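Everything below concerns the one structure shown next.
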Amino acid sequence: MHFLDALHARKSVRAFRPDPVPRELVEELLALASRAPSGTNVQPWKVHVVAGEVRAQLEREVLAHRETKPHDERAEFPRTSKRKEPYIGRMRKLGKDMYSLIGIPKGDTAANWAQWGRNYKFFDAPVGLIFTIDKDLDAMSFVDLGIFMQTLMLAAKVHGLDTCAQGAWNNYWSVTRKVLGVPDDQYIICGISLGYADETAPVNGLVSEREPVENFATFHGF
Ligand SMILES: Cc1cc2nc3c(=O)[nH]c(=O)nc-3n(C[C@H](O)[C@H](O)[C@H](O)COP(=O)(O)O)c2cc1C
């Protein structure tokens, strides 16, 4: 697959088929992703790859915890809840597009809660990836991890696989830490669902919008 085809074909998939992904293929994707650049080549990414019974246990324990303590956990690292425009508008547009596609009416909090909970099933993907970095690294390492994740997602697409990046995993970090044995000196940053898209699922028909270049780029000296 040509790079540009992979770039355009990648999208967040939120419903997967159960078809397994072999460990060797995940290892290959991780090796490809590790070609991502990082500041001073620190390569800060650490990845927990979950499948089978461990994946099922993680799903069970996080969802059970979420039922009893829905609001008590937030990311361990600083995250703002004070998004302003234009970011809040873009976020709402994505939510509106997604929920109208899957038939969840505005204000249906139960359905909304259930749909968001699918994050913690990795949207039924057979493989989940949980990314951590050492707590004493600085913000630049978060940038490095983002580049690593996008490299991985593009490599997956080239291999016929689909993905969804998931910040949702840092909401219930304490359970994830316990189940996977993540040391206390690491932040649990993000997850990725990895598998084969269920193309019949309406949610996968979502096409997210982008701002035109002139809305975010300022050219100097041309
Ligand atoms: C860092 C990061 C965290 C994300 N977290 C979630 C998440 O928790 N759940 C989810 O359904 N999508 C999540 N997404 C997917 C975004 O909603 C998606 O990338 C965005 O809407 C653009 O759509 P696209 O990926 O289909 O191009 C995340 C994406 C990124 C990059």
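Just so you know, ligand 1 is whichever comes first in the structure, and atom 1 is the first atom listed for that ligand. Please read these numbers as outputs of a predicted model, since none were measured by experiment.
- In this structure, a donor-acceptor pair under 3.5 Å is absent between the side chains of Gln43 and Ser34.
- Residue contacts with ligand 1 for Ser208 involve side-chain atoms from C-beta outward but no N, CA, C or O (heavy atoms, distance under 4.0 Å).
- The distance criterion of under 3.5 Å between nitrogen or oxygen atoms is not met by Leu94 with respect to ligand 1.
- Ligand 1 is never approached by Gln115 to a heavy-atom distance shorter than 4.0 Å.
- Asp185 places no side-chain N or O within donor-acceptor distance of the main-chain N or O of Asp134, the cut-off being under 3.5 Å.
- Checked against ring pair (Phe, Tyr, Trp, His ring centres under 6.0 Å), Phe122 has the following partners two or more places apart in sequence or in another chain: Trp169.
- Shown here, atom 20 (C) of ligand 1 is out of close reach of the protein: none of its heavy atoms lies under 4.0 Å off.
- Here Phe148 pairs with Trp45 under the ring pair (Phe, Tyr, Trp, His ring centres under 6.0 Å) rule; sequence neighbours left out.
- Checked by distance only, ligand 1 and Lys11 stay at 3.5 Å or farther apart across all their nitrogen or oxygen atoms.
- In terms of polar-atom proximity, Cys164 is not counted as a contact of ligand 1, lacking any N or O under 3.5 Å from an N or O of the ligand.
- Heavy atoms of Gln150 stay at 4.0 angstrom or farther from ligand 1.
- Within the 4.0 Å heavy-atom cutoff, Phe123 counts among the residues contacting ligand 1.
- Contact of the Asp184 side chain with the Arg177 side chain is registered, since non-hydrogen atoms from C-beta on lie closer than 4.5 Å.
- Inclusion of Asn119 in the set of residues having an N or O under 3.5 Å from an N or O of ligand 1 is warranted.
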